[in-house]
Amino acid sequence: MAHEPDGQEREQRPAVRLARLLRRWWEEAGSPPGGTRPTQQALASRLGIDQTTLSRYLNPKHASTAPPRVVEALHAHLRAPATELARARELCRAALEGNSRQGTSGDGPELTGGTGTADGTGGRGSPGRLRSRWTLPALVAAVVPAFVAGMVVGGQHAPPPPRSAAEDTAGSVPLSGVPIEWPLLMKRKEDQFTRARALQHLLMAHGYEVKADGFFGNETQDAVMGFQRRHNLPSDGKVGKDTWPALVRTVGPGAHGHAVLALQELLHNTGLGGTEVSGEFTAAAVEDLRYFQSRHGLSPTGRADVDSWLALLVFQRPPVDTPAYQRSTGPHGVRLPLPRA
């Protein structure tokens with residue numbers, strides 16, 4: 001039977017201690033004479049995250065670990081004691097490591113897979129059935145012995161042949177030894193959330209006029225088919241392993257526009273927290289992308305290449321409540337900066 005932590009043991013968890021520290025920063029923000037504590041809604045807006053996510057970061061009873069960048073931003077915005085930043089970073093690091101270890105036993109955060117339903121959520125607002133709970137150390141520990149045992153039993157001592165260029169183009173990239181595939185999106189009445197909005201931004205980056213609303217309707221399907229015909233792809237209106245690699249673009253620091261919006265939408269919804277959806281590839285976006293890449297066995301270059309786009313599209317979370325873009329201040333209302341001369 002799995003060990004159920006008692007109250008005292010739970011209180012000692014780094015994630016709970018971090019949440020207590022962050023909440024204290026927020027509660028004490030208005031303490032100095034004349035000081036005014038920001039509401040959680042206002043604070044979430046400054047951080048570029050939704051209020052529900054911030055509430056979880058500040059709730060010791062149901063702690064959700066804030067990523068390092070958010071911890072540092074909270075420290076700055078709330079003017080917390082300078083001496084406590086190092087402690088907060090240490091707790092954050094320990095909590096993230098603890099989350100990774102729990103992921104191997106089925107207690108970690110759930111990320112939607114990319115090959116279940118068309119939107120990876122198993123239907124509107126419901127988590128998808130295909131989950132990825134494995135972390136890099138656990139995968140290595142599990143895959144390597146099994147691979148070696150298979151070689152011994154089969155009498156095969158040569159390594160498997162490298163993937164062909166065609167396979168790379170198709171988008172199957174080994175993520176810690178486990179192949180992942182491009183998600184399949186197609187015309188549906190349901191909101192397909194972040195993946196569909198990323199698709200729509202990428203279509204706009206290629207000159208097609210669509211609305212980034214998460215709904216894959218006739219307008220989006222017509223744009224997809226037009227793109228497919230232009231690139232000599234099967235014009236079936238479905239976006240999968242042949243169309244995604246042609247749609248995505250390599251973007252890096254200093255880039256701006258709809259391709260960057262697509263990237264930021266995906267980064268914001270990976271569970272790392274707080275990527276600003278602005279259309280400008282800022283230093284903060286570079287840091288978020290590098291962190292995502294390092295967590296998923298990719299080279300942390302801070303540039304979005306085909307493999308990074310693939311991993312971002314696969315490891316998306318379903319929204320926990322009404323998606324931000326369905327509210328008046330959602331990412332679809334972001335005004336892109338004017339083109340540079």
Side-chain angles (χ1 to χ4, degrees), residues 113-120 162-175 179-267 269 277 279 281 289 293 298-299 301 303-316 331-332 334 336 339-340:
T115 55
T117 60
D119 65 355
R163 292 183 304 152
S164 66
E167 290 173 320
D168 282 334
T169 302
S172 295
V173 57
L175 186 66
I180 57 176
E181 302 291 339
W182 294 96
L184 178 64
L185 265 62
M186 64 185 73
K187 180 180 173 182
R188 294 181 63 181
K189 293 181 179 179
E190 298 94 320
D191 187 345
Q192 297 185 52
F193 307 115
T194 309
R195 291 190 182 97
R197 293 201 313 282
L199 164 65
Q200 290 159 337
H201 279 303
L202 288 169
L203 285 168
M204 284 188 275
H206 285 274
Y208 295 90
E209 294 185 6
V210 295
K211 182 189 294 184
D213 59 3
F215 290 90
F216 197 141
N218 291 332
E219 179 185 73
T220 300
Q221 185 183 56
D222 290 345
V224 168
M225 294 176 70
F227 176 85
Q228 290 170 328
R229 286 191 295 269
R230 183 190 296 180
H231 290 79
N232 299 315
L233 298 169
S235 56
D236 56 6
K238 300 177 182 179
V239 184
K241 64 183 180 66
D242 295 322
T243 303
W244 279 119
L247 267 171
V248 300
R249 291 180 167 181
T250 299
V251 293
H256 66 285
H258 283 288
V260 177
L261 279 173
L263 176 69
Q264 290 170 328
E265 288 266 18
L266 294 170
L267 269 175
N269 197 49
V277 182
F281 204 135
L289 179 57
Q293 290 169 326
L298 301 169
S299 179
T301 62
R303 295 179 62 83
D305 56 9
V306 172
D307 287 351
S308 296
W309 282 103
L310 169 56
L312 281 165
L313 283 161
V314 168
F315 292 100
Q316 288 292 300
H332 70 289
V334 171
L336 282 172
R340 294 187 177 89

In short, Ala246 meets Leu233 closest at the heavy-atom pair CB-CD1, 4.2 Å

Thr250 vs Arg303 side-chain heavy atoms within contact, under 4.5 Å: yes

Side-chain donor or acceptor of Trp244 paired with backbone N/O of Pro183 under 3.5 Å: yes

Where the side chain of Gln200 meets the backbone of Lys211, is there a donor-acceptor pair that is under 3.5 Å apart? yes

Here the gap from Leu185 atom CG to Lys238 atom NZ, rounded to the nearest 0.5 Å, amounts to 12.0 Å

Rounded to the nearest 0.5 Å, what separation is found between the CG atom of Asp236 and the CG atom of Asp242? 8.5 Å

Do Ile180 and Phe315 touch side chain to side chain, with heavy atoms closer than 4.5 Å? yes

Any side-chain heavy atom of Leu310 sitting closer than 4.5 Å to one from Val306? no

What is the distance from atom OG of Ser235 to atom CD of Gln221, rounded to the nearest 0.5 Å? 10.5 Å

Note: Gly279 and Leu261 closest approach over all heavy atoms is N-CD2, 3.3 Å

Side-chain contact test, heavy atoms from C-beta onward, threshold under 4.5 Å: evaluate it for Trp309 versus Leu247 and give yes or no. no

If you look at every heavy atom in Leu289 and Ala304, which pair is closest and at what distance? CD2-N, 3.6 Å

Could you state the interatomic distance from OG1 (Thr220) to CG (Asp213), rounded to the nearest 0.5 Å? 6.5 Å

Taking all non-hydrogen atoms of both residues into account, name the closest pair between Ala198 and Ala262 and its distance. O-CB, 3.5 Å

Could you check if a side-chain atom of Lys187 sits within less than 4.5 angstrom of a side-chain atom of Asn218, using non-hydrogen atoms only? yes

Gln192 side chain to Met186 backbone, donor-acceptor under 3.5 Å: yes

N/O donor-acceptor pair under 3.5 Å between Gln293 side chain and Thr301 backbone: yes

To the nearest 0.5 Å, tell me how far Thr194 OG1 sits from Asn269 CG. 3.5 Å

One should read off an interatomic distance between Phe215 CZ and Phe193 CZ, to the nearest 0.5 angstrom, of 8.0 Å

Taking all heavy atoms of Gly214 and all of Asp191, pick out the closest pair and write down the distance. O-OD1, 3.2 Å

Is there side-chain contact between Val210 and Phe216, with at least one heavy-atom pair below 4.5 Å? no

Donor-acceptor pair, Glu265 side chain versus Val277 backbone, under 3.5 Å? no

Side chains of Arg249 and His206 in contact at under 4.5 Å (non-hydrogen atoms): yes

Quick one: closest heavy-atom pair of Met204 and Ala212, and the distance? CE-CB, 3.8 Å

